[in-house]
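Accompanying notes for the structure given below.
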Amino acid sequence: MAQSKITITGLSNKADADKITENTASVVGVKFVNVNYEQGFAMVTHGDDFDAEAFKAAVNNLGFTAA
């Protein structure tokens with residue numbers, strides 16, 4: 001499966017990382033999300049149907065900024 005690294009700003013602790021992981025798991029194509037709050041990114045394991053823009057929008061809706 002493919003992986004994408006998505007930069008996320010505004011993360012301050014593990015609770016933030018957990019919040020993103022829980023709230024982005026249902027984005028189309030997402031298989032697994034690992035958020036590193038210390039370095040400010042999410043590594044998303046996904047299928048071919050993954051919509052990166054939908055993932056970023058879900059992150060942004062939580063009050064963070066995904067690029």
Side-chain angles (χ1 to χ4, degrees):
M1 279 190 209
Q3 289 189 319
S4 296
K5 183 176 180 179
I6 298 175
T7 302
I8 302 173
T9 56
L11 298 168
S12 59
N13 54 43
K14 185 176 181 323
D16 289 347
D18 291 344
K19 183 178 181 180
I20 291 173
T21 300
E22 292 170 15
N23 287 281
T24 58
S26 62
V27 173
V28 172
V30 170
K31 305 299 181 195
F32 181 77
V33 179
N34 183 11
V35 179
N36 184 321
Y37 71 89
E38 293 169 321
Q39 295 183 11
F41 70 87
M43 187 61 71
V44 184
T45 302
H46 56 82
D48 293 337
D49 56 345
F50 175 60
D51 184 346
E53 293 307 313
F55 182 89
K56 291 175 186 178
V59 171
N60 293 341
N61 286 339
L62 294 170
F64 306 99
T65 303

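Note that this is a predicted model, so its numbers are computed, not measured.
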Pairwise distance CE(M43) to NZ(K5) - rounded to 0.5 angstrom: 5.5 Å
Gap separating the CZ atom of F32 from the CD atom of Q3, nearest 0.5 angstrom: 9.5 Å
Looking at L62, L11, T21, which hits side chain to side chain contact (heavy atoms under 4.5 Å, CB included) with D16? L11
Pairwise distance OG1(T24) to NZ(K56) - rounded to 0.5 angstrom: 13.5 Å
Quick check: closest heavy atoms across S4 and F50, and the distance to 0.1 Å? OG-CE2, 4.2 Å
Spacing of CZ belonging to F55 relative to NE2 belonging to H46, to within rounding of 0.5 Å: 9.5 Å
Between CZ on residue F41 and CD1 on residue I6, distance to nearest 0.5 Å: 11.5 Å
Shortest non-hydrogen pair, D49 vs G29, comes out as OD1-CA, 3.1 Å
Is it the case that more than 12 heavy atoms not belonging to N13 sit under 6.0 Å from its CG atom? yes
What is the distance from atom CG of N60 to atom OG1 of T65, rounded to the nearest 0.5 Å? 5.5 Å
Has the side chain of N23 got a donor or acceptor atom that lies under 3.5 Å from a matching backbone atom of A58? no
